[in-house]
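Scope of the values below: all heavy atoms of this structure, side chains included, with no hydrogens, waters or symmetry mates. Every chain is numbered from 1, with letters handed out A, B, ... down the list of sequences. Because the structure is a prediction, the values reported are computed rather than measured.
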Protein chains: 2
Amino acid sequence: MLEKYNHSARILVALDCIVFGFDGEELKLLLIKRNFEPQLGKWSLMGGFLNETEDLEVAANRILYDLTGLQDVYFEELKTFGRVDRDPVERTVSVCFFALINIHAHSQDAAKAQNAFWINLKNRPEMIFDHNEMVNLALERLRYRAALHPIGFELLPEKFTIPQLQKLYEAIYDTPLDRRNFSRKILSTKLLIDTGEKNENSATKKAILYRLDQQKYQQQFNAFHYFVSDIRV
Amino acid sequence: MLEKYNHSARILVALDCIVFGFDGEELKLLLIKRNFEPQLGKWSLMGGFLNETEDLEVAANRILYDLTGLQDVYFEELKTFGRVDRDPVERTVSVCFFALINIHAHSQDAAKAQNAFWINLKNRPEMIFDHNEMVNLALERLRYRAALHPIGFELLPEKFTIPQLQKLYEAIYDTPLDRRNFSRKILSTKLLIDTGEKNENSATKKAILYRLDQQKYQQQFNAFHYFVSDIRV
DNA sequence: GTAAAATTGTGTCAAAATAACACATTTAGA
DNA sequence: TCTAAATGTGTTATTTTGACACAATTTTAC
């Protein structure tokens, strides 16, 4: 039997999860109005603790599932936060993730059970601990990633129009984009498949509904390089 | 006094550090030939445990300092590794960082004290635990970062020539680059200042020695976008 | 001395990508 | 059927990129 590392401190390992959504106009965050201690009544990210016999990645999926009822959603590690005083209750190191989900496809029941609400990113409330810092960094990372990889699609429904996609990018970068250049750029990636359908929820010209070419999406994930003039990572 | 989180497991939090260097020809790693248990005699990254009263970032700096004698070197978090069985001795979550240092500027004594050696990245040995996975991911990240931000300079001496810089990029991406296009691209960033000196260690035409414009480096860090044909992140 | 070999610095040019911009089409509703 | 709003596509000048050529510098060999 191997000897254990007797001289070092065992520390609580938490996970905190930032969930981004898009309602067609604004970027949103799924935040918890805490109905439990500590910090009851305040806003926070969804979080949890790593169990003794649980892989870190499994724990992240568990927390996402408990919040959204979704499995296999896009998420990536953001950073591990480890200031000594970040949680006043007890020393806790938190591995922070962010996820992108289709805002219409998750479980309302799961969200309700966690007392979670979609909040406009721009109007986000003060949050507990270092959660504000986490969200700021996550937005930065989202902008970085979305400029290089086609992750925007993760936030849209299965079928979507180019104008919808453009509105998403405009929300992510908080800047207007040229409609014609945007369309050309996106279509040149060949990632979009024309479904033959049109968006019927339109009072004017109905835009073409596309879906993502999943195979090309996987292949081209690392060769997307979406750039427009105002977007610098 | 606040109540503690009584129902969750406390876990060892380790840090592992990948140190990259460049000897003018090849990318190198500063690896430990373990003269201590566990896994005595095997190769590993430099690591350590997070102390109870120590910020995570402070711990990373401590470990880097113990290995290199350097402070304020470039490093960034890579990922936190948390498979249950990643360390057979005991459940340990490891926050992995990577650093870029000038291979000629660190403390030989510190390295010797840790039994650390510079190893060609391409000939790297089998390492313990998930350290191989860490290094693979770090190389990927280095390539990603170096394509977008001017971090290559962190691996060079204060004064360097454009051909040296090119050799570095060729080592990072393991691909030959066109000398003329490279020079044009780098000079167009205006990040280089001509020192007026030349590289005297040359048997042929002596190349101009440049130094980095530190002010512009800070300003343009997020607007570098170094791309050449063969380099795709 | 001078020629040869290796390396460095700079220039050219066609092709591709980008940014700015214009016009025609579709649809609901007046 | 006319209008307003939104969508789809095209044009053009400018900038960036990639492929390539030539001149200059320096040491070494003769």
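The interatomic distance linking A/Phe182 (CZ) with D/dT9 (P) rounds to 15 Å, in whole Å. As a whole-Å value, the separation of B/Leu187 CG from D/dT16 P is 15 Å. The separation between A/Asp194 atom CG and D/dT7 atom P is 15 Å, rounded to whole Å. In this structure, the CD atom of A/Glu200 is 14 Å from the C1' atom of D/dT7, given to the nearest Å. Taking atom CD1 on B/Ile186 and atom C1' on D/dG18, their separation rounds to 16 Å, with Å as the unit. Rounding to whole angstrom units, CG of residue A/Leu165 and C1' of D/dT7 are separated by 15 Å. The NZ-C1' distance, from B/Lys185 to C/dT10, rounds to 18 Å in whole Å. If you measure from atom CG of A/Asn199 to atom C1' of C/dT26, you get 13 Å, rounded to the nearest angstrom.
Both B/Thr204 and B/Asp178 sit near DNA chain D, but only B/Asp178 has its closest nucleotide nearer the 5' end.
With sequence neighbours excluded, the residues forming a side chain to side chain donor-acceptor pair (under 3.5 Å) with A/Arg184 are A/Asn181, listed by chain and number. Scored by the side chain to side chain contact (heavy atoms under 4.5 Å, CB included) test, B/Arg141 finds B/Glu76, B/Leu78, B/Phe98, B/Arg145 as partners (sequence neighbours excluded). Residues forming a side chain to side chain donor-acceptor pair (under 3.5 Å) with B/Gln164 (at least two apart in sequence, or on another chain): none. Every residue two or more places apart in sequence or in another chain was checked for a side chain to side chain donor-acceptor pair (under 3.5 Å) with B/Asp66, and none qualifies. A/Arg34 is linked by a side chain to side chain donor-acceptor pair (under 3.5 Å) to A/Ser44, counting only residues two or more places apart in sequence or in another chain.
Within 6.0 Å of the NZ atom in A/Lys42, the count of heavy atoms belonging to other residues, nucleotides or ligands does not exceed 12.
The aromatic rings of A/Phe221 and A/Tyr217 sit perpendicular, their planes meeting at an angle over 60°, well past the 30° parallel limit.
The residue B/Ile208 sits close only to the backbone: its heavy atoms come under 4.0 Å of sugar-phosphate atoms, none of a base.
In the interface, the side chain of B/Arg184 is not paired with the base of C/dG9 through any donor and acceptor atom under 3.5 Å apart.
The side chain of B/Asn181 lies closest to D/dC20, out of C/dT10, D/dC20, D/dT7.
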Nucleotide N/O of nucleotides 21-23 of chain D paired with protein N/O under 3.5 Å:
from   : atom 1 : to       : atom 2 : distance (Å)
D/dA21 : N7     : B/Arg180 : NH1    : 2.4
D/dA21 : N6     : B/Arg180 : NE     : 3.2
D/dA21 : N6     : B/Arg180 : NH1    : 3.0

